[in-house]
Enquirer: 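My questions will all concern the structure given below.
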Amino acid sequence: MTDVELINRLEERSRSHSDRVVRIVGVVGMDAFELLIFRGFSSSTTHATALDPDVSVLPEGTILKNAELLWGPMRPGEECVLIKTASPAELLAQANW
């Protein structure tokens, strides 16, 4: 499965879990990368995100590293991590969202 397909599947799962936020971190070249998925939509907090839903939210050369499932909606300073994984694919495999 490609990273784009993985993001699409996480978006799909998040649609039916409106009280959960997925945070994925990685790198683009030498720059940190962070992506949030909430209620079926993805947005990067570190890089520009196209308004066109058919354009990938992953910049060219993105390497995804870790993922977290958080209680949503998120509030600054009050994050509640439900699941922390070594990879986004492991988060997708988690049955207990």
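In what follows, residues are counted from 1 in the order of the sequence shown.
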Enquirer: Which heavy atom in A86 sits nearest to a heavy atom in N66, and how many Å separate them?
Expert: O-OD1, 3.2 Å
Enquirer: Heavy-atom distance under 4.5 Å between the side chains of R20 and L82, does that happen here?
Expert: yes
Enquirer: Which ILVMFWY residues can you reach from M30 by hopping between side chains whose heavy atoms are under 4.5 Å apart?
Expert: none
Enquirer: Rounded to the nearest 0.5 Å, how far does CG of L92 lie from CD of E12?
Expert: 9.5 Å
Enquirer: Taking the side chain as C-beta and beyond, is there a heavy-atom pair between K65 and V27 under 4.5 Å?
Expert: yes
Enquirer: Could you measure the distance from the OG atom of S14 to the CZ atom of R9? Nearest 0.5 Å is fine.
Expert: 13.0 Å
Enquirer: Hey, any chance I83 and I37 share a hydrophobic cluster, counting ILVMFWY side chains that come within less than 4.5 Å of each other, even indirectly?
Expert: yes
Enquirer: Within the structure provided, determine whether L64 and L58 are in side-chain contact (heavy-atom separation under 4.5 Å).
Expert: yes
Enquirer: Can you find a heavy atom in the side chain of S44 that is under 4.5 Å from one in the side chain of V57?
Expert: no
Enquirer: Hey, what else clusters with V21 if you join Ile, Leu, Val, Met, Phe, Trp, Tyr whenever side-chain heavy atoms sit under 4.5 Å?
Expert: L36, F38, L70, M74, V81
Enquirer: Could you tell me if the side chain of E11 sits less than 4.5 Å from the side chain of F41, heavy atoms only?
Expert: no
Enquirer: Within this structure, what is the CZ-OG1 distance for the pair R23 and T45, rounded to the nearest 0.5 Å?
Expert: 8.5 Å
Enquirer: Can you see which heavy atom on I7 is nearest to which on S42, and at what distance?
Expert: CG2-OG, 3.6 Å
Enquirer: Restricting to side chain to side chain contact (heavy atoms under 4.5 Å, CB included), what partner residues turn up for D54, sequence neighbours left out?
Expert: D52
Enquirer: Apply salt bridge (charged side-chain N to carboxylate O under 4.0 Å, His left out) to E90 and list each qualifying residue two or more places apart in sequence or on a separate chain.
Expert: none
Enquirer: May I ask you to test the L91-I24 pair for a side-chain heavy-atom distance under 4.5 Å?
Expert: no
Enquirer: Give me the atom names and distance for the closest heavy-atom approach of A67 to P88.
Expert: CB-CA, 3.7 Å
Enquirer: Atom OG1 in T85, atom CD in Q94: separation rounded to 0.5 Å?
Expert: 7.0 Å
Enquirer: According to side chain to side chain contact (heavy atoms under 4.5 Å, CB included), who are the partners of S16, at least two apart in sequence or on a separate chain?
Expert: none
Enquirer: Of all residues at least two apart in sequence or in a different chain, which pass the side chain to side chain contact (heavy atoms under 4.5 Å, CB included) check with V28?
Expert: F33, H47, P59, T62
Enquirer: When rounded to the nearest 0.5 angstrom, what is the spacing between OG in S56 and CD in E5?
Expert: 11.0 Å
Enquirer: Output the distance between atom CZ (R15) and atom CG (L10), rounded to the nearest 0.5 Å.
Expert: 11.0 Å
